[in-house]
Amino acid sequence: MTFTSAETSTHYVPQDLPTHIQHYINGQFVDSVGGTTFDVLDPVSNTNYATAAAGQKEDIDLAVGAAREAFVNGPWPQMKPRERARILNKIADAVEAQEARLAELETFDTGLPITQAKGQALRAAENFRFFADLVVAQFDDAMKVPGSQINYVNRKPIGVAGLITPWNTPFMLESWKLAPALATGNTVVLKPAEFTPLSASLWAQIFKDAGLPDGVFNLVNGLGEEAGDALVKHPDVPLISFTGETTTGQTIFRNAAANLKGLSMELGGKSPCVVFADADLDAAIDSALFGVFSLNGERCTAGSRILVERAIYDEFCEKFAARARNIVVGDPHDPKTEVGALVHPEHYEKVAKYVEIGKTEGRLLAGGGRPENMPAGLNNSNYIAPTVFADVAPDARIFQEEIFGPVVAITPFENEDEALALANNTRYGLAAYIWTQNLTRAHNFSQNLEAGMVWLNSHNVRDLRTPFGGVKASGLGHEGGYRSIDFYTDQQAVHITLGAVHTPKFGHTPKSGA
Ligand code: NAD
């Protein structure tokens with residue numbers, strides 16, 4: 001990578017930013033074979049600060065070749081879990097030690113508020129520690145059939161895992177896939193999102209310093225339709241773990257069919273936050289605000305549809321909107337900022353379009369476009385004021401479609417049955433949040449929700465052991481804890497005969513007339 005020093009600007013620019021971002025293949029930083037690049041911009045100034053190597057099929061071939069060689073002939077898959085765990089813990093130490101740097105780069109590249117980017121680096125480190133612990137503690141089933149058989153499970157890494165990630169929390173989401181894939185002895189090719197390639201290249205040095213053998217981790221930057229597509233179609237990549245939009249997931253599903261790959265799909269969401277009249281209203285409002293406006297609303301599990309029982313509907317809307325109007329929108333690097341800049345002008349245009357659609361579909365209570373009174377120089381950045389629409393009908397586009405920005409639809413309900421029907425009335429099924437003091441209702445309502453994850457009286461706070469994933473158009477398969485170990489390993493069953501086996505003797509009886 002090549003670096004430059006900080007420039008004077010209207011907003012914070014980290015020191016020593018790279019001006020060119022490369023691939024990392026077989027322990028070396030390299031450009032694309034054909035020299036192709038793409039521009040990378042920061043979402044506050046919307047100017048290009050770097051070029052990145054744009055991987056093509058031949059670059060993916062090289063990366064997969066290196067990963068395959070490291071899998072077949074390298075030490076990594078054969079190492080004892082404890083040896084791998086030591087390296088994973090060193091990686092976690094390094095991520096923690098670089099937390100401030102990681103956070104400022106992530107903030108600069110994504111537009112996420114710095115206070116929220118800091119949590120991402122620590123969570124990334126925790127993912128490595130967690131899977132280091134898990135593979136050391138891992139044991140598998142052995143089954144005995146008295147006097148006749150012992151069966152045991154021989155758990156094996158699968159091979160080269162293709163990891164394809166989105167831009168919303170890049171480094172953390174990469175760790176989510178890298179940690180279990182590596183812990184279980186696979187080798188990997190990571191294809192990060194093209195909007196935000198900056199932090200991914202930090203993995204290379206972190207892994208090298210921690211002692212990960214060359215070829216085990218490979219990184220190819222590039223566009224989804226080029227580098228991502230080549231990775232999905234590569235015959236030597238038996239696994240694809242993908243996080244991104246539902247429509248991209250569908251394309252990948254089709255493209256992976258020819259080689260029958262293992263697929264893990266973490267896709268989009270339009271999650272309901274259901275507030276009953278008996279809820280602790282202040283806590284529900286705090287949580288619902290954070291649930292939809294944190295990470296700039298660019299959050300797969302955002303509670304972007306708030307369903308409120310009629311008896312408290314007006315009070316909820318009034319208090320919620322007043323707080324939304326008060327949210328601090330600004331330079332992502334400023335610790336006071338609560339909502340930063342959306343990741344890219346293209347995404348800004350998409351969210352801004354939904355805001356305009358919302359004005360025809362709901363009652364605008366807060367926001368509705370660019371925030372007012374932004375500091376000079378930030379007027380053209382990708383800022384959208386936290387936007388609240390009330391009285392949104394269930395067939396409205398802003399009720400049904402994932403916006404992935406700081407925009408929320410509020411809808412009233414009369415009773416529990418209607419709340420459930422509204423909650424389940426989208427094609428998505430990722431998360432759901434329920435606010436009620438009635439425990440019986442909370443549990444029964446959860447059971448009937450079409451959602452992969454439910455939080456009762458809370459926003460998204462997740463123990464790493466629990467399954468993560470969605471149903472319906474929100475995903476296929478669950479990762480998290482042992483489910484990630486299962487995805488990245490094959491469970492070979494070995495059957496040992498202890499006694500005499502009853503074997504029908506084919507061909508033993510002479511044929512009649514022979
Ligand atoms: P995206 O689908 O546009 O891109 C995700 C990744 O896929 C990128 O790396 C992209 O380059 C790659 N890609 C695009 N087309 C491809 C193709 N044809 N073949 C292979 N790879 C391809 O998603 P995004 O805009 O980066 O991220 C936002 C989406 O991600 C939202 O829908 C959000 O809900 C979802 N998301 C889901 C989760 C979850 O865990 N369920 C978490 C975070 C984000």
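Ligands are counted one by one from 1 in listed order, and the atoms in each one are counted from 1 as well.
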Per-atom filter on ligand 1: closer than 4.0 angstrom to a heavy atom of K191 are 8 (C), 9 (O), 10 (C), 11 (O)
With a cut-off of 4.0 Å, which atoms of ligand 1 are near a heavy atom of D229? 19 (N), 20 (C)
Within the structure, does [X] bring an N/O atom to less than 3.5 angstrom of an N/O atom in ligand 1?
X    : value
E402 : yes
T243 : no
T246 : no
I252 : no
N255 : no

Say whether [X] and ligand 1 are in contact under the criterion: heavy-atom distance to a ligand atom below 4.0 Å.
X    : value
P192 : yes
F242 : yes
A193 : yes

Nearest non-hydrogen contact to atom 25 (O) of ligand 1 from the set Y428, W167, F468 belongs to W167
Just to confirm, does any protein heavy atom lie below 4.0 Å from atom 4 (O) of ligand 1? no
Criterion ring pair (Phe, Tyr, Trp, His ring centres under 6.0 Å) on W203 and F171, from CA distance to verdict: CA-CA 9 Å; W203 288 117; F171 195 80; 3.9 Å; yes
Determine whether more than 12 heavy atoms belonging to other residues, nucleotides or ligands lie under 6.0 Å from atom CZ of F253. no
Taking atom types as modelled, find out whether K270 and T426 have a side-chain donor-acceptor pair closer than 3.5 angstrom. no
Do you know which of H20, Q22, H23 makes side chain to side chain contact (heavy atoms under 4.5 Å, CB included) with F29? Q22
When you measure from the centre of the six-membered ring of Y383, is the NZ or CZ of R370 under 6.0 Å away and within 45° of the axis? no
